[in-house]
Amino acid sequence: MLGLYRKLLLVAPLVALACAVQAQRPGVEVGKTDARPPLSAVNALGEYKSPLIFQGFLFVNGKYIKPPYQVAYRGNAIYINSMLIDKPLSWPEETAPAVASDSTDEASVEATPAEPVKDNDDFLLTDGERQAATVAAVAEEQPVKPMSEMTDAEKLAAVMKNEALLKKMRDAMKASAKLYEDYLTYGDFVFLGKTHFCVTGSYQSGKALFEVLPKILRTTNTPMELMTALSRADILFLDIRICEALFAHRLAFSDIEARRMQLKIAPPPPVRKKG
């Protein structure tokens with residue numbers, strides 16, 4: 001055990017250079033498949049879908065996701081294969097407090113109007129038209145108070161009027177989506193999850209992981225055993241949180257084994273251009 005500890009101390013600095021680790025943004029339900037961004041965000045920031053990607057190794061909440069992959073963004077949300085991955089930007093509509101209700105039916109809560117109907121004309125408006133009318137009315141008032149003091153509708157109106165800000169937000173969304181697209185295009189491994197840091201690393205590291213992971217998943221009985229076995233195989237970039245997530249999906253090792261066999265005959269991914 002002491003030898004393993006010394007080994008970790010010696011190799012850890014090299015692992016830090018080979019892998020990137022970053023915290024997940026709070027409140028992002030990584031892996032959710034029915035997460036839809038606000039329509040106003042989609043209209044303002046646009047949307048994008050990458051070509052199909054057949055390289056890379058993706059794990060979401062400990063589950064291996066087989067290629068092909070498609071990275072997309074809609075509004076302020078990024079998806080891979082229709083699963084929510086990240087929200088690089090906040091959006092005013094998402095800061096509103098949830099509607100309180102005694103009912104457990106989520107659909108009925110979402111269908112409840114935020115304000116009572118005032119007259120017959122308002123009743124005939126769709127939710128989108130009513131929201132647009134509210135935004136337009138606020139925009140005419142040209143609010144000058146600080147963003148922290150604005151209502152949700154006022155924040156949205158202020159953002160929608162600021163074309164320079166919207167352009168920066170669109171560029172930020174494109175850059176964020178391109179980052180995930182590049183990870184997979186160049187064969188990197190990507191671990192994403194609600195309970196652990198985002199970890200990425202090179203194709204060679206991912207290939208080395210797949211060489212040993214199927215057997216280790218079949219033969220270990222706890223997440224700690226899994227992490228220890230990986231460490232002994234020189235896989236030192238997966239912490240206990242990721243190992244817990246992997247262990248929860250250990251019965252899916254056959255998909256990883258199938259990919260391991262494919263890697264023996266598959267051509268390597270393209271090489272990143274320097275600079």
Side-chain angles (χ1 to χ4, degrees), residues 23-50 60-61 70-101 103-118 122-143 145-181 192 194 198:
Q24 295 287 12
R25 286 173 233 279
V28 178
E29 297 182 81
V30 175
K32 191 172 182 181
T33 56
D34 59 350
R36 297 180 181 179
L39 181 59
S40 60
V42 178
N43 291 337
L45 304 179
E47 50 191 319
Y48 164 81
K49 284 185 178 181
S50 75
V60 178
N61 295 321
Q70 187 171 52
V71 180
Y73 84 78
R74 297 192 72 239
N76 66 325
I78 294 178
Y79 305 84
I80 300 179
N81 291 12
S82 299
M83 293 179 291
L84 178 64
I85 297 302
D86 197 4
K87 283 188 177 180
L89 301 174
S90 60
W91 192 253
E93 280 185 88
E94 296 177 324
T95 63
V99 178
S101 173
S103 172
T104 57
D105 185 355
E106 292 183 3
S108 66
V109 172
E110 292 179 358
T112 304
E115 296 181 0
V117 176
K118 295 179 180 179
D122 186 56
F123 180 75
L124 295 174
L125 294 177
T126 65
D127 288 342
E129 290 170 336
R130 188 178 296 109
Q131 175 185 302
T134 303
V135 170
V138 173
E140 290 177 4
E141 297 175 4
Q142 299 182 342
K145 53 185 165 183
M147 200 65 103
S148 60
E149 297 178 8
M150 291 182 185
T151 65
D152 204 47
E154 287 172 336
K155 288 179 184 178
L156 182 57
V159 170
M160 298 296 277
K161 288 193 302 179
N162 192 332
E163 185 54 41
L165 175 60
L166 286 174
K167 183 180 183 305
K168 288 181 179 179
M169 295 175 80
R170 292 185 199 108
D171 290 344
M173 288 303 304
K174 291 175 184 176
S176 295
K178 188 69 166 59
L179 183 65
Y180 289 102
E181 185 178 341
L192 299 161
K194 292 182 284 190
C198 168

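All figures in this text were calculated on a predicted structure; none of them were measured in a lab.
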Measure the CD1-SG distance between Ile85 and Cys198 for me, rounded to the nearest 0.5 Å.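 Between Ile85 CD1 and Cys198 SG, I get 9.0 Å after rounding to 0.5 Å.
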Within the distance-only criterion (no hydrogens, no angle test), does the side chain of [X] pair as donor or acceptor with the backbone N or O of [Y] below 3.5 angstrom?
{"X": "Asp86", "Y": "Ile78", "value": "no"}
{"X": "Arg170", "Y": "Ala44", "value": "yes"}
{"X": "Asn61", "Y": "Val30", "value": "yes"}

Are [X] and [Y] side-chain neighbours, meaning at least one heavy-atom pair lies under 4.5 Å?
{"X": "Gln70", "Y": "Ile80", "result": "no"}
{"X": "Leu156", "Y": "Ser40", "result": "yes"}
{"X": "Ser82", "Y": "Thr33", "result": "no"}
{"X": "Ser50", "Y": "Tyr73", "result": "no"}
{"X": "Leu45", "Y": "Pro37", "result": "no"}
{"X": "Tyr48", "Y": "Glu181", "result": "yes"}

Run the side-chain contact (heavy atoms from CB on, under 4.5 Å) check on Lys49 and Val71 step by step: do they pass? CA-CA 6 Å; Lys49 284 185 178 181; Val71 180; over 6 Å; no
Tyr79 versus Glu47, side-chain donor and acceptor atoms under 3.5 Å: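 No, Tyr79 and Glu47 have no side-chain donor paired with an acceptor closer than 3.5 Å.
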